[in-house]
Structure formats: C-alpha cells, structure tokens
Amino acid sequence: MNERGEVSGAGWGRWGTAEAARELPDGARRLLAQVLDLAPPPPAVPLDEVVLPDCALDDAVLDALRRAVGDEHVVTTARSRAWHAAGMSTPDLLRDRLGRPALAPQAVVRPADHAEVVAVLDVCSTHGVAVVPFGGGTSVVGGLTPSVARHVTVDLGRLDQVVAVDPVSRTATLQAGLPAPRAARLLAAHGLTLGHVPQSYEYATIGGFAATRSSGQASAGYGRFDDMVTALTVATPRGTLRIGRAPASAAGPDLRQLFLGSEGTLGIITDVTVRVRPLPAQSHHEGWRFESFAAGLDAVRRLAQDGPRPTVLRLSDEVETIIGAAGSGRSDGGCLLIAGYEGTDVRSTAEAAADVLAAHGGVPLGAEAGQQWARHRFDAPYLRDALLDAGAFAETLETAAYWSTLLRVYDHVRQALLDALPDGALVLGHVSHVYETGASLYFTVICSPGSDPIGRWHTAKAAAGDAIVAAGATITHHHGVGADHRTWYATEIGDVAVDLLRAVKRHVDPAGILNPGILVP
Ligand SMILES: Cc1cc2nc3c(=O)[nH]c(=O)nc-3n(C[C@H](O)[C@H](O)[C@H](O)COP(=O)(O)OP(=O)(O)OC[C@H]3O[C@@H](n4cnc5c(N)ncnc54)[C@H](O)[C@@H]3O)c2cc1C
C-alpha cells in the first residue's frame, strides 16, 4: 500500500521515488552552474513527519462516508491526506518538500465503483462537504487544490478495470481510475493500444485524461485524448449521465464535450469508452536537424497540413536542442526534430516524410537520434527532480496557436519569461502537438530559485499568461485550467461563456460541492 491512494509509486516532493532518482548529466550540471545561481535546497521533510490539523469532519459525515464505501476506504491519516493535497507542479513539489502541502483534504475516500461514487456525492451534497476527484494526482495547474478547507478527496484508484472491449468497433470501455500503464497492458492483451502517451504516463489515469483533455507524445498520429472518447459515464449530484451511443451523431450539441475538460467541476467520470487501434507492427524514430526554429516550423507545418504525418512529430528550439545535447553528448546545434512512425509500413511513410523534411532544409541525423529520444521520452520529470535537488528551479507551461501567429506567440511568451526573470533564466521551447491549422508551444523554464522560488515563478508565469492572452493564443493546450489559469480562462472565453458555464454547474451541482475554485471562474 502506498500513499497515493494505494495505486501508484510516485514520490513525495518529487516525481519519481528515491530509488528511481536520476543524476543530472555532468555537461548539463556544468552549463547550469555557468548561467545560474544554484542554491542547494534545505533537506526535504519526509511524508511521515508532515503535521496537519486533525480531520475536521464530524462523526455523522465520516460514518455516512464509511457506509458508502466501507470503513477501510475512508482514510484520515495525515500521511494520506498530505499526499492527496496537491498535484505535481513545481510549486506543489516545493511545498511538499517544506512539509507544508497545500490545503489538505479532511479525508480520502476510495469508492469501488460507480454506485459508490454516487453514494459519496450524495453524502457530501447532504452535508455540504466539497469533493475533489483524484486520478493519478499529476495535475500541474492546481487542479487538486480547491478553495475550501472542508473537502474530501475521492481517489478513483479502485476503479481500475477494463469493463469491455469491442474488437469489431475497435472500442474499449475503461474505468476512470485505471493508470495509463495498466490500461496499456490490459489492452495489449487484446492486441490493442490507445496510443495515448503523455509525459505523465507513468502515473496519470484514464479519468484524469478525460477530465483535462490530455494530449500525448504521439498525438500527431493518434490524436488528443478527447478525440479518442466515444462515450463516458458521469456521476453528478443530480444523477448519472451516460453520453455517447454512436461514433458520430447529429442529436444536438455534443454533450461529451461538456464533460471532457470539466476537471471534476461538473461530475465524476467513472468510465470512458475510447477508440482503440491494433498494436503497431512496426515503430521507427529518427532525428533531423534544422538551421533555425522558424525553418523547422515550416517543415512541421507542411507535414501537419499536407502529410504524410508521422505519429510523433516534435521540434525543439535552439536552446532546448543545446541543453539536450549537453545531457546526451550530442552537439549538432540548430534545432532538433524528432519524427516517429508507428504502423504496418513505417518505412514508406518515413521515406515520403523525409522528402518533405529535406526539401525544407532538414538534415537527417539518423535513427540513433530518434531512438535516443524514445529511450528518454519519460526522463524530463526525473530531471526536474534532479534540478530541484541541485538547487535550480524548473517548471513548464504551454499554449497553442494558429500557424500564422505561432512564431509571434513563441517570441512574445519567451521574451515575457526572460523579462520576468532578469537575473538569468534558460527558456527552452518545443512544438510537439500539431494540427492542420496550428500547433502547441511548450516552454520549460530553468532559473535560480532565489529566496522565494514560488513567488518568483508566479510572477513569471503571470507574465507568460498575459503574453499568451495578448497574443491571441489559448491559456492551455493540454494541462488544463485548474486553479492556476482561471483568470486568463475567463478572459479567453468571455462573460457570456463564463455565465453559461456557471449555469451548467449550478444545475448539475446545486450545492457547489464539486471542485470549488477549479476551472469555473
Ligand atoms: C511531469 C508531468 C508531465 C506531464 N505531461 C503531460 C503531457 O504530456 N500531456 C498532458 O496532457 N498532460 C501532462 N501533464 C499534466 C497531467 O498529467 C494531465 O493533466 C493528466 O491528464 C492528469 O491525469 P491524472 O489522472 O493525474 O489526473 P489528476 O491530476 O488526478 O486530476 C486532474 C484534474 O481532473 C480531475 N479529475 C481527475 N479524475 C477525474 C475523474 N475521474 N472525473 C472527474 N474529474 C477528474 C481532478 O479533480 C483534477 O482537477 C503532465 C504532468 C506532469 C506532472
């Protein structure tokens, strides 16, 4: 049994466990020491030593919750409550390391199935206790930290089964608490894959993907998670919705879209039916070098718009390419592009794409560069742990924009971050999710922590958020809104849409218990 609702192995105050810790490569460490003022952090407070106020729920509430899910599935230990108090943004990890996690739940409740989720919502509505649905706990936007102290976390870790597989239609119904690696194993037993591989793959869950409109590293080939969903079941305080009975429908607005991305504010998703595909017979990754980010973007756009489209398509800017090279020993300069292909005849697709890349100035770096990326595709969060351990601060943010404005958005956001961190910061960028009409932009910021790393980051992140909105881009492409992006989200969608969202919430959640302070402005 571990702290995170007994389902995953993630660490405390870090992404990975201590055993999985990784050292910063020497080259990267030297480079950082040259440009940043590293400040070794104080020793982290172990989870067992975190002190929280006692659970403030009275016995009537706790007894009703125990009746709903069974005694042993209502946990009030400080250990479990602290562990469920927040997600995995860098500020979350730093607060955990200081032994001061964000607002902890009064209890962690672990229903076994849809009926128990409904029963928990009933108890919480009756007693005015807020509810935070918890999947893998990997939110990086404050999506697990509500605005009220009187709340319980509903950990969905016991809903971890494949409910049904329809090989003819190529769909699978998956329970919401299934962690991605387990979903992949269970589907592979049927010769199928979801093809959804975000960098948080090791711990994130199916329900979390749906609730946040997640997008994975192979989105160029498999699409975003919300593209994959054909149906879903949602428990709300007003009753249950089962939405989606055909691959496509003209029966009114698509209500699936109301709940995809609703971040636990409109209901608890208990299962999701997704499109699945046969496990790919072949896979191949290769690297390409472009002289500049702008040149690489042109090539990426051509593949996204006119094809052939790789399964993975990812372009690093100059700084990300240099930092990656410092870690790996490569020093090709320019901008690294990774193209990955999965399917039955990857060679012919790769050759056709190679013609496009070469015609746009790309220089092939071969399969080793691609395999190197594939081998290390889940390393970044472990390297963040190592950076924090080394006394640096590292965090990410992302957006998306149309092709015609993408480079301008990139320049503005990058500059806003550099201006907000005047004593030196490395800002790394890449594009890794492409569409015919545009792409996402992802930024990693590495800077000195200073005496108030969280405050410094909030200032920098606010500057980036303002730059994103001013440039006409979206405040988030796949991380979601959470508590952190609410202000910019309200600006992005406008007053009428804010009122619409509030009205829907009032209808399905009249007592306002679902994730107060998250998403809905
Ligand atoms: C290191 C790292 C890398 C990441 N990389 C990616 C990436 O590549 N792509 C990407 O899209 N995201 C990424 N993320 C963000 C995060 O992993 C995703 O948002 C993910 O979808 C969250 O899934 P989860 O199961 O951990 O959800 P949680 O973090 O547990 O929850 C996220 C939000 O959804 C709500 N929620 C969770 N489950 C349910 C449910 N069943 N019903 C209703 N609401 C629910 C929660 O209340 C919360 O508001 C990354 C995060 C980290 C820390």
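Note that the structure is a prediction, hence the values are computed from the model and not measured. Throughout, residue positions are numbered sequentially from 1 according to the sequence presented. When a ligand or atom number is given, it counts from 1 through the structure's own listing order.
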Using a 3.5 Å cut-off on N or O atoms only, is [X] in polar contact with ligand 1?
{"X": "Thr138", "answer": "yes"}
{"X": "Pro381", "answer": "no"}
{"X": "Ser200", "answer": "yes"}
{"X": "Ser214", "answer": "yes"}
{"X": "Gly136", "answer": "yes"}
{"X": "Val132", "answer": "no"}
{"X": "Met88", "answer": "no"}
{"X": "Thr212", "answer": "yes"}

Practice task
Using the salt bridge (charged side-chain N to carboxylate O under 4.0 Å, His left out) rule, pick out the option among Arg29, Arg384, Arg14, Arg22 that qualifies with Asp389.
Solution key: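 Among Arg29, Arg384, Arg14, Arg22, the one meeting salt bridge (charged side-chain N to carboxylate O under 4.0 Å, His left out) with Asp389 is Arg14.
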[X] contact mode with ligand 1 (heavy-atom cut-off under 4.0 Å):
{"X": "Thr205", "result": "both"}
{"X": "Tyr203", "result": "neither"}
{"X": "Ala204", "result": "both"}
{"X": "Ala176", "result": "side chain"}

Exercise for the section: Quick one: pull up CD1 in Ile243 and CG in Asp254 and give me the separation to the nearest 0.5 Å. Expected result: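 CG of Asp254 is found 8.5 Å from CD1 of Ile243.
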Please table the atom pairs, donor to acceptor, closer than 3.5 Å between any side-chain atom in residues 509-521 and protein atoms at least two apart or in another chain.
residue, atom, partner, partner atom, Å
Asp509, OD1, Gly512, N, 3.3
Asp509, OD1, Ile513, N, 2.9
Asp509, OD2, Lys505, NZ, 2.6
Asp509, OD2, Ile513, N, 3.2
Asp509, OD2, Leu514, N, 2.9
Asn515, ND2, Glu263, O, 2.7

Exercise for the section: Could you check atom 27 (O) of ligand 1 against the protein and tell me its nearest heavy-atom contact, residue, atom and distance included? Expected result: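 For atom 27 (O) of ligand 1, the nearest protein heavy atom comes out as Gly208 CA, 3.6 Å.
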Problem - Element-labelled atoms of ligand 1 that are located less than 4.0 Å from some non-hydrogen atom of Gly264 - result: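 Near Gly264, the atoms of ligand 1 are 43 (C), 44 (N).
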